[in-house]
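This report concerns only the one structure given below.
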Number of protein chains: 2
Amino acid sequence: MDLRSLRYFVAVAEERHIGRAAGRLHMTQPPLSRAIRQLEDELGVILFERTSKGVVLTPAGTVLYDETGALLRQADRIRSRVTDAAGTATLAVGTLADAAEQVGGRLVPLFRERHPHVNVTIRESDLGDPTAGLGAGLVDVAITRTPFDNTGIATHVLRSVPVGVVMRDDDPLARRASVSSAELAGRRWVRLPDGSDPAWTAYWTGGGQDDASPTVRTIQECLQAALWNGTLAVAPVDQPLPVGLVAVPLSDRSPSDLVVAWPKTGRSPLVRSFVQVAENCWGL
Amino acid sequence: MDLRSLRYFVAVAEERHIGRAAGRLHMTQPPLSRAIRQLEDELGVILFERTSKGVVLTPAGTVLYDETGALLRQADRIRSRVTDAAGTATLAVGTLADAAEQVGGRLVPLFRERHPHVNVTIRESDLGDPTAGLGAGLVDVAITRTPFDNTGIATHVLRSVPVGVVMRDDDPLARRASVSSAELAGRRWVRLPDGSDPAWTAYWTGGGQDDASPTVRTIQECLQAALWNGTLAVAPVDQPLPVGLVAVPLSDRSPSDLVVAWPKTGRSPLVRSFVQVAENCWGL
DNA sequence: ACGTCCGATACCCCACGGGTATCGTGTTGA
DNA sequence: TCAACACGATACCCGTGGGGTATCGGACGT
């Protein structure tokens with residue numbers, strides 16, 4: 001008799017219809033039927049009369065329904081009491097600017113749903129810091145991309161994104177299905193901010209920086225540079241591109257992983273919880 | 001936050017020691033450690049400070065502990081309210097006489113533990129009715145042995161028991177490691193009560209009944225007949241035998257299944273619950 | 001009589017909750 | 001001071017249970 005079964009029972013009791021209740025619970029009908037029967041078996045009592053147009057509560061089922069509401073409310077109350085007792089916690093989330101929309105739009109709302117009492121702040125990072133503030137201790141957890149120096153940082157891959165080189169659509173290589181790094185030798189590449197992680201810099205650019213190479217701090221600046229100067233830059237191919245630019249897959253560069261990252265030493269359950277939410281969110 | 005996790009939490013909080021709490025919960029330490037951490041992650045709160053000699057509740061953990069006792073008690077109260085509302089139910093259990101001891105000594109007590117409000121009656125059946133009263137509608141569920149006519153009866157195997165032929169220890173075949181049916185042709189066999197299930201009769205006896213064959217109604221009578229007259233009978237080899245008798249495995253007779261059986265049409269959750277308990281009981 | 005709608009059943013598959021073995025670390029006692 | 005110990009944490013394995021899809025049986029309502 002766990003709380004899950006009881007929530008299922010309440011849904012069925014209120015809908016008087018297993019199929020509808022299943023929809024309300026975001027599941028399908030067969031496992032809900034089975035769960036109700038298992039609850040009946042465990043209690044040794046028939047809770048619903050099955051009819052051809054739905055189900056109706058038996059007397060025993062009515063008793064269970066009357067009592068269960070209070071139990072579930074009490075469980076929810078306990079949850080909020082406990083989280084309140086922990087004080088007004090704060091979680092700082094770092095993210096690369098181009099992932100900020102996803103993070104702010106889907107992930108953080110989901111997390112707030114789980115932890116309404118927590119103050120979540122989002123810190124958008126530019127391309128100069130692939131750890132999005134984690135390395136500097138500015139944030140507790142980050143959504144970012146590999147590769148970067150991950151000493152002391154634990155990560156979990158959310159999605160693996162192939163990368164391509166972004167160029168103007170009038171570029172000689174623009175129509176190619178894919179290109180290799182060798183074919184891009186000698187071209188002018190964007191420059192990442194000074195002091196950026198070496199692995200990071202090597203991954204997202206080619207070797208061809210000169211004095212005229214523009215330093216870019218955001219994906220947008222990358223694209224502008226590509227549009228205006230024909231400068232090359234590596235970008236995830238799932239980025240929406242403005243007209244006039246195309247992304248040609250790079251045949252010899254491994255995909256970049258979108259990861260959730262947190263300090264290895266950290267023990268904060270909030271961080272762990274955030275990681276779980278992130279995994280579920282991207283798992284969908 | 002299911003009730004199981006909360007019970008785990010309460011045990012740890014009271015023992016202040018994960019290992020001891022695990023013992024109290026009849027489990028080992030690692031999964032309990034993990035369960036506590038998962039609960040912490042879900043709530044986004046640290047519940048215990050870990051020290052080198054155990055764990056201590058944090059303020060948030062104290063709040064959870066204070067509230068959880070009431071919740072668990074309420075859950076138990078709901079359980080008894082619901083079962084009470086179903087009225088004073090009765091479950092009639094049929095069993096073959098030789099299995100009665102196991103059923104009455106272990107199975108039924110376990111079942112009473114789960115359903116204290118149910119009146120359980122045990123009906124011991126003789127060898128004339130392999131369904132132990134199920135066929136006649138005298139009982140709701142039975143613990144018995146195959147084979148029998150199982151039309152309309154659902155069964156679940158609890159254990160598979162090899163059978164042997166029971167004979168006096170001065171019988172010429174008594175020292176054999178096993179015998180075949182052919183070697184027993186022409187011997188005198190016990191007779192089961194008239195009207196017994198044909199498959200049942202064929203399984204538990206050989207073909208050699210004559211006017212002098214004794215009719216036996218219990219395993220004990222079987223054994224007496226074997227002792228006094230040298231009559232043969234088939235019996236499970238796990239039966240304890242009186243001195244002077246031996247059971248020689250029958251090489252060409254398949255094992256008999258100890259089964260729990262119930263009417264296929266029956267929908268009583270009590271019966272299902274009993275079946276579950278029986279499976280767990282024999283699964284140990 | 002047949003189509004429709006309900007819950008029940010059969011079957012598959014992955015996640016989770018159990019297990020064992022081992023580790024890291026802080027305490028303790030020789 | 002250092003070795004032995006004790007406790008919780010981790011890594012890994014495995015079976016079960018709770019999800020899913022496809023399908024059945026049976027009761028209405030045309």
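Chain letters run A, B, ... following the sequence lines, proteins first and then strands; every chain starts at 1.
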*Toward the 5' end of DNA chain C, which comes first, B:P31 or A:S33, by nearest nucleotide?*
A:S33
*Which whole-number value in Å describes the distance from A:H17 NE2 to D:dC28 C1'?*
13 Å
*A:R7 with A:D76: basic N within carboxylate O range, under 4.0 Å*: yes
*Would you classify A:E49 as touching base, sugar-phosphate or nothing, given that sugar-phosphate means primed atoms plus P, OP1 and OP2, and contacts are heavy atoms under 4.0 Å?*
nothing
*asked:* Can you see if the side chain of B:T28 gets near the phosphate of C:dG19 - specifically, an N or O under 4.0 Å from OP1 or OP2?
replied: yes
*asked:* Distance check needed: C:dA8 C1' versus A:F48 CZ, whole Å only.
replied: 15 Å
*Do B:R272 and A:E40 meet the salt-bridge criterion of a basic N to acidic O distance under 4.0 Å?*
no
*Is the backbone of A:S256 close enough, under 3.5 Å, to the side chain of A:Y203 for a donor and an acceptor to pair up by distance?*
yes
_Euclidean distance, atom CG of residue B:L47 to atom P of D:dA9 [Å, nearest integer]_ = 12 Å
*What is the distance, rounded to the nearest whole Å, between atom CD1 of B:I36 and atom C1' of D:dT10?*
17 Å
*Minimal non-hydrogen separation, B:I153 against B:A261, with atom names*: CG2-CB, 3.8 Å
*Once you round it to whole Å, what is the distance between C1' of D:dG20 and CG of A:L25?*
15 Å
*Of A:T51 and A:R34, whose nearest nucleotide on DNA chain C comes first from the 5' end?*
A:T51
*asked:* Need to verify one output field. Residue with the more 5' nearest nucleotide on DNA chain D, A:D2 or B:G19?
replied: B:G19
*Name the nucleic acid region contacted by B:R4, choosing base, sugar-phosphate or nothing; use a 4.0 angstrom heavy-atom cut-off, strictly under.*
sugar-phosphate
*Just compare C:dG7, D:dC28, D:dA9 and give me whichever is closest to any side-chain atom of A:S52.*
D:dC28
*With respect to the side chain of A:P30, which nucleotide from D:dA22, D:dA9, D:dG19 is positioned closest?*
D:dA22
*Spacing of A:Q38 atom CD relative to C:dA8 atom P, expressed in whole Å*: 12 Å
*OP1 or OP2 of C:dT25 sitting under 4.0 Å from any side-chain N/O of B:R50?*
no
*Roughly, in whole Å, what's the span from NZ in B:K53 to P in D:dG8?*
12 Å
*Can you tell me the distance, in whole Å, between the CG atom of B:L32 and the C1' atom of C:dC16?*
16 Å
*asked:* Using modelled atom types and a 3.5 Å cut-off, is there a donor and acceptor pairing between side-chain atoms of B:T58 and backbone atoms of B:L47?
replied: yes
*Does A:R20 place a side-chain N or O at less than 4.0 Å from the phosphate oxygens OP1/OP2 of C:dC6?*
no
